[in-house]
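Report on one structure; see the data block that follows.
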Number of protein chains: 2
Amino acid sequence: MKKKKVPSLVKDERLIKTRREQIVKAAVELFNRKGYHGTTTREVAQASGFSIGTLYEYIGSKEDILYLVCDAVYDEVVEKWERLVDKNLVGLERLHQVIQSYFRVVDDLQDEVLVMYQESKALSGEALNYVLQKELSMKVMFEKEIRSCIEKGLITIDEEEISLACHNILVAGHMWTFRRWIIQKEYDIEAYCDLQIAQLFRGFQIKDHSFQPARSNINSEGR
Amino acid sequence: MKKKKVPSLVKDERLIKTRREQIVKAAVELFNRKGYHGTTTREVAQASGFSIGTLYEYIGSKEDILYLVCDAVYDEVVEKWERLVDKNLVGLERLHQVIQSYFRVVDDLQDEVLVMYQESKALSGEALNYVLQKELSMKVMFEKEIRSCIEKGLITIDEEEISLACHNILVAGHMWTFRRWIIQKEYDIEAYCDLQIAQLFRGFQIKDHSFQPARSNINSEGR
DNA sequence: GGTGGTTGATCGAACGCTCGCTCAGTTCCC
DNA sequence: GGGAACTGAGCGAGCGTTCGATCAACCACC
């Protein structure tokens, strides 16, 4: 018995993963359009391409869907974000590009980001904390970049303003998706990004006089 | 027949108003805590102090409650706001104080503001547009103040940045309520207000060199 | 002052419906 | 032919909403 396929006691792990990805994908679109509470499990099932019964083979409850969505979305955002950041950059150029990448990912994954920020509050207990923690960790990423610039002597900024600056970046991204009918009519993402970063950088006393935040151009690798 | 009381064909208007205020007050608290979809009409009735049957004497549907809430909240915010603004101020001091007043009202009416921003999207059609229009008009108030300062030659700011600046103020207020569990741990409202205004004003080229945005102190009339 | 009638405010059981979720049965594929 | 994958009718709970019953206040009339 060399390769006797073990009759798995559990269901095929890969299938579970695939099915859950289908569910998440359908759910993101629905939650984005109708909200978590406004979406029924039947709708999720139908949009995923199977019956309500099958849906419940892969999830335990409706809230599980939201949890899967938030979890996946966060990972997707962070992963895409990290892929966009140019590892060769240092100093202010790097800080600039990290923020720029964040805005671009937010624009690229609008539906996902909106759900992550808006619907996660419907989660309860553990799951809610878990997701909010993930959100916080994005803020920490910005904080690290800013502190790195401070340590290198590139900028000066009041200690109490660091955290607020990071909040403002996060929220600026969130708002791009949240009230799109207002902002997105006036700006495209690159203009929005440039203006927000310019505003943010005015809060830094910049010591590196050679630094000039370049206007955005489409030089990032494709999405 | 001097004072013959006319048997009113319609219900007592004043009673309707009072009852609706009761309903709105209870609903704000519930919507804030559990969201619109997460709140039942029975809960609203009980929290308002009467039965489900009576509730429906004063509203037409559940969505009516949300509409009443959004409408009332907006008016309350604007009214309190206008009362806080010192009419004697002009120029940059006035702009500064208008923004400061906005933050103070937002802090004072946290629950209401959060519901206004977060739950209004559950409205449909006309009602949604109506509320969004009211929201937009708050932004316009800031815009007017900024343009007034520009016309007076007090500040210079890129035309395309004006709208974004106003938008950022609104969002900063929203953020104060939306992520209160994290932000309000780090700052009190006055510190938050000072820092946000400082950040905003860095975006203006200030021509009036005598202007020094005073640190907040509790000099406004009591709430 | 007592009485019967009218009115408007309030109540809560009940209705019809939709929801999240289950499970006995079917289909599909190795 | 056996088990994994899938189905959808059906369940009970809970939802928004309705409506006939109840109650207190008031008025006209004797």
Side-chain angles (χ1 to χ4, degrees), chain A residues 1-24 26-27 30-31 33-69 119 122-124 127, chain B residues 1-24 26-27 30-31 33-69 119 122-124 127:
Chain A
M1 45 144 84
K2 303 162 96 162
K3 262 259 167 115
K4 178 77 169 298
K5 233 195 2 204
V6 182
S8 60
L9 296 176
V10 291
K11 293 177 156 209
D12 184 347
E13 289 290 342
R14 248 175 337 195
L15 182 64
I16 294 183
K17 197 158 165 266
T18 315
R19 289 284 178 270
R20 285 190 172 163
E21 280 166 4
Q22 285 177 267
I23 294 170
V24 165
L30 286 164
F31 290 174
R33 189 153 45 83
K34 319 176 60 170
Y36 171 71
H37 287 295
T39 304
T40 68
T41 51
R42 267 170 256 261
E43 287 173 318
V44 175
Q46 197 186 2
S48 317
F50 23 70
S51 71
I52 179 68
T54 305
L55 181 77
Y56 273 89
E57 290 290 319
Y58 300 101
I59 60 156
S61 69
K62 188 187 179 189
E63 195 180 314
D64 276 5
I65 305 177
L66 182 58
Y67 176 76
L68 285 173
V69 164
E119 305 298 332
L123 288 170
S124 58
Chain B
M1 48 141 88
K2 306 164 95 162
K3 263 258 166 117
K4 179 81 170 297
K5 238 206 341 221
V6 181
S8 62
L9 296 174
V10 292
K11 292 177 156 207
D12 184 350
E13 290 290 343
R14 248 178 334 195
L15 182 64
I16 293 184
K17 196 158 167 265
T18 315
R19 289 283 177 268
R20 283 190 173 163
E21 279 166 5
Q22 285 178 267
I23 293 170
V24 165
L30 285 165
F31 290 174
R33 189 152 47 83
K34 319 176 61 171
Y36 171 70
H37 288 295
T39 304
T40 68
T41 50
R42 268 170 257 262
E43 286 172 320
V44 175
Q46 196 186 2
S48 317
F50 22 71
S51 72
I52 181 68
T54 305
L55 181 78
Y56 273 88
E57 289 291 319
Y58 299 101
I59 60 159
S61 69
K62 189 186 176 187
E63 195 180 315
D64 276 3
I65 305 177
L66 183 57
Y67 176 75
L68 286 173
V69 163
E119 305 299 332
L123 288 169
S124 58

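Shown here for B:Ile23 and B:Ser48, the closest heavy-atom pair between the two residues is CA-OG, 3.7 Å. When every heavy atom of A:Ala45 is checked against every heavy atom of A:Leu55, the shortest pair comes out as CB-CB, 4.0 Å. Contact record, B:Thr39 with B:Leu30: OG1-O, 3.5 Å, taken as the closest heavy-atom pair. Across every non-hydrogen atom of B:His37 and B:Ala122, the tightest pair is NE2-CB, 4.0 Å. Annotation for B:Tyr56 and B:Ser61: closest pair CE2-CA, 4.1 Å, computed over non-hydrogen atoms.
Rounded to whole angstrom, the span from the CD atom of A:Glu63 across to the C1' atom of C:dC21 amounts to 15 Å. As a whole-Å value, the separation of B:Leu15 CG from D:dA25 P is 15 Å. For the pair B:Lys17 NZ and C:dA9 P, the interatomic distance rounds to 17 Å; values are reported in whole Å. A:Glu57 has its CD atom 11 Å from the P atom of C:dC23, to the nearest Å.
Within residues 46-55 of chain A, the residues having any heavy atom under 4.0 Å from DNA chain D are, by residue number, A:Phe50, A:Ser51, A:Ile52, A:Gly53, A:Thr54.
Contact annotation: B:Tyr58 does not reach the phosphate of C:dA9 (side-chain N/O to OP1 or OP2, under 4.0 Å). Using a 4.0 Å cut-off, no side-chain N or O of A:Arg19 falls inside it from OP1 or OP2 of D:dA5.
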Between the protein and nucleotides 13-16 of chain D, which nitrogen or oxygen pairs come in under 3.5 angstrom?
unit_1	atom_1	unit_2	atom_2	d
D:dG16	OP1	B:Thr39	O	3.4
D:dG16	OP1	B:Lys62	NZ	2.9
D:dG16	OP2	B:Thr41	N	2.9
D:dG16	OP2	B:Thr41	OG1	3.2
D:dG16	N7	B:Arg42	NH2	2.7
D:dG16	O6	B:Arg42	NH2	2.8

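Using a 4.5 Å heavy-atom threshold, the side chains of B:Gln22 and B:Tyr58 count as separate.
The closest donor-acceptor contact from the side chain of A:Tyr36 to the backbone of A:Glu63 lies under 3.5 Å.
The pair A:Glu43-A:Lys34 counts as a salt bridge, with a side-chain nitrogen and a carboxylate oxygen less than 4.0 angstrom apart.
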